[in-house]
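First comes the structure, then the notes that go with it.
This is a predicted model, so every value here is computed, not measured. Each chain gets a letter, A, B and so on, in the order the sequences are listed, and its residues count up from 1.
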Amino acid sequence: MPDQSAQFFDEHHRRFFEWLQKALVSQIQGKRSKLNTVSTVVGVDVAYSNDISVAAAVSWDVDERRVVEVSRVRSMALFPYSAGFLFLREAPVMVAAVRGIVERFDVVLVDGHGIAHPREAGLAVFVGAALGMPSLGVAKSLLVGDLGVVDRGMQEITLDGSLVGYGVKPKDSRRYFASPGFGLDVEDVAYLLGVLGGRYPEALRQAHIEARRGLKEVG
DNA sequence: GCGACAG
DNA sequence: ATCTTGTCGC
């Protein structure tokens, strides 16, 4: 079997998609709206079964600590996974799933990096921009950047000398890396991490479960 | 040229 | 991401 990714990522395609990422980044410059009080967050994740993808968005009430709404979308996985270009594979279906959430919410938590990305154009940046909603990237492993010293279970992620996010290692839950997506800055990330209790976001844990459940319920 | 590489 | 159950431990 030949590498399917070659079909999508030869030199010409890769260069064009990189241009697209840079275009978005320059396009949203200055569109950093101030993050208001966060009472409801929406976590979004995608699960796969061959070329079928199911995205699940879970609305989570931070104070009451409960799921308030679930939205799921099934679709064809048209792009293969390629590090640095995850948005091609997951952004379309993630955006559709979040649009299925009816009740209001304050921020979208995306399973993937925000600006902790080679071109500061991670999946969370695309999803937030497309929705016109503040977004936070939450990844389980580092893609780029340098980690600073561990301080109270947290460490800064630096890229070209600038702070782009935080690595977090809660005592109970799994390690993760958070960076701004759209509509919020690094200072807001620190605030958000506090609101979310420092642990791996329950909204994302639920989204992961719901996405996998979606694969099974339909086939 | 050699490794690294979100999900 | 996905293939996969129960089991050891706090």
Would you give a per-nucleotide map of nucleotides 2-7 of chain B, 5' to 3', where B means the base has a protein non-hydrogen atom under 4.0 Å away, S means only the sugar-phosphate does, and - means neither? ---BBB

What string of B, S and - do you get for nucleotides 4-10 of chain C 5' to 3' if you count protein non-hydrogen atoms under 4.0 Å? -------

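Among pairs with a residue in residues 108-132 of chain A, those fulfilling side-chain hydrogen bond (donor to acceptor under 3.5 Å, both in side chains) read A:Gln21-A:Arg119, A:Asp111-A:Lys140, at least two apart in sequence or across chains.
Using a 4.5 Å heavy-atom cutoff, the side chains of A:Tyr191 and A:Leu184 are not in contact. In this structure the side chain of A:Val110 reaches within 4.5 angstrom of the side chain of A:Met94, judged on heavy atoms. The shortest distance between side-chain heavy atoms of A:Val127 and A:Val125 does not fall below 4.5 Å. Looking at heavy atoms from C-beta onward, A:Asp106 lies out of side-chain contact with A:Val41 at the 4.5 angstrom threshold.
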Give the intermediate values and the outcome of salt bridge (charged side-chain N to carboxylate O under 4.0 Å, His left out) for residues A:Glu202 and A:Arg205. CA-CA 5 Å; A:Glu202 184 62 19; A:Arg205 222 175 61 77; 2.9 Å; yes

Under the side chain to side chain contact (heavy atoms under 4.5 Å, CB included) criterion, do A:Phe105 and A:Met133 qualify, and how do the steps go? CA-CA 9 Å; A:Phe105 53 90; A:Met133 292 290 276; 3.1 Å; yes

Watson-Crick and G-U pairing of DNA chain B, under 3.5 Å, as dot-bracket with | and [ ]: .......

Using distance only, find each side-chain donor-acceptor pair of residues 159-174 of chain A under 3.5 Å and give its atom names and separation, not counting sequence neighbours.
| residue | atom | partner | partner atom | Å |
| --- | --- | --- | --- | --- |
| A:Ser162 | OG | A:Leu159 | O | 2.9 |
| A:Lys169 | NZ | A:Ser173 | O | 2.9 |
| A:Ser173 | OG | A:Tyr200 | N | 3.0 |

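For the pair A:Ile52 CD1 and C:dT2 C1', the interatomic distance rounds to 15 Å; values are reported in whole Å.
A:Ser39 and A:Asp63 share no donor-acceptor pair across their side chains, judged by distance under 3.5 Å alone.
Here A:Glu210 pairs with A:Arg72, A:Arg213 under the salt bridge (Lys or Arg N to Asp or Glu O under 4.0 Å) rule; sequence neighbours left out.
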